[in-house]
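For reference, the structure discussed in these notes is given below.
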Amino acid sequence: MKFKELEDFLGTHFIYTYDNGWEYEWYAKNDHTVDYRIHGGMVAGRWVKNQEANIVKLTDGVFKVTWTEPTGTDVALDFMPDEYRMHGTIFFPKWVQEHPDITVCFQNEHIPLMEESREKYETYPKYLVPEFAKITYIGKAGQDNEDVISEAPYPGMTDDIRAGKYFDAPYHRLHK
Ligand SMILES: C=Cc1ccc(O)cc1
């Protein structure tokens, strides 16, 4: 199916691997909310639900997503799903680069720690990571589906999802 309007993009679940090897999983939960899990890279193991974001259509089939996190990390993503390509820029504060372990958690349960850490440690210079990525999976999860990102990442999870072993046909999580 071709993507054209924002409505086509909202409710879509993606897995992609950045050209630097970092693997991410990301869900356009609704027109102002995103969920994600990080499977590879500097902060592998981190996962987040209900991050407020700005999501727009740039032109037919091209979508831009931007947000700022409790850690002070800023993110800008551009999706070209029909080409199985996206581009992401992550703007990490210095402290996340120096202490990535602090951010590797289910962030929703540790918001005060993120806010304390961004005050306690240094912000600058920021560490910019601009990378293209290859989209390896596109799933039509529907909007506000709490099953899409509902547990911590585990080794082999993205292979299970791609193999159709993780979600049933109505896009609910199997083996709960
Ligand atoms: C820091 C979060 C984040 C989430 C998705 C993505 O592609 C890049 C960064």
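As the structure lists them, so they are numbered: ligands from 1, and atoms in each ligand from 1. Excluded from the calculations below are hydrogen atoms, water molecules and symmetry mates; all remaining heavy atoms, backbone and side chain alike, are included. Everything numeric in this text was worked out from a predicted model, so none of it was measured.
A ring-centre distance under 6.0 Å is not found for His87 and Phe79. Checked against a 6.0 Å centroid threshold, the rings of Phe9 and Phe14 count as neighbours.
Taking every heavy atom of Ile90 and a limit of under 4.0 angstrom, the matching atoms of ligand 1 come to 8 (C), 9 (C). Atoms of ligand 1 found under 4.0 Å from any heavy atom of Tyr18 (numbered from 1 in listed order, with element): 6 (C), 7 (O), 8 (C). Here is the list of ligand 1 atoms found below 4.0 Å of a heavy atom in Tyr16: 5 (C), 6 (C), 7 (O).
Remark: distances from the non-hydrogen atoms of Trp67 to ligand 1 include one below 4.0 Å. Put simply, part of Glu69 is less than 4.0 Å from ligand 1, judged by heavy atoms.
Within the 4.0 Å heavy-atom criterion, the part of Leu77 lying near ligand 1 is the side chain and not the backbone.
Ring pair Tyr24/Tyr16 is parallel by interplanar angle, where below 30° counts as parallel and above 60° as perpendicular.
Within 6.0 Å of NZ on Lys120 lie no more than 12 heavy atoms contributed by other residues, nucleotides or ligands.
In this structure, Met157 and Glu151 have side chains that are in contact, with non-hydrogen atoms separated by less than 4.5 Å.
In terms of protein heavy-atom proximity, atom 5 (C) of ligand 1 is nearest to Tyr24 CD2, 3.4 Å.
Results of the side-chain hydrogen bond (donor to acceptor under 3.5 Å, both in side chains) test with Tyr36 over Lys49, Gln51, Arg46 single out Arg46 as the only residue that passes.
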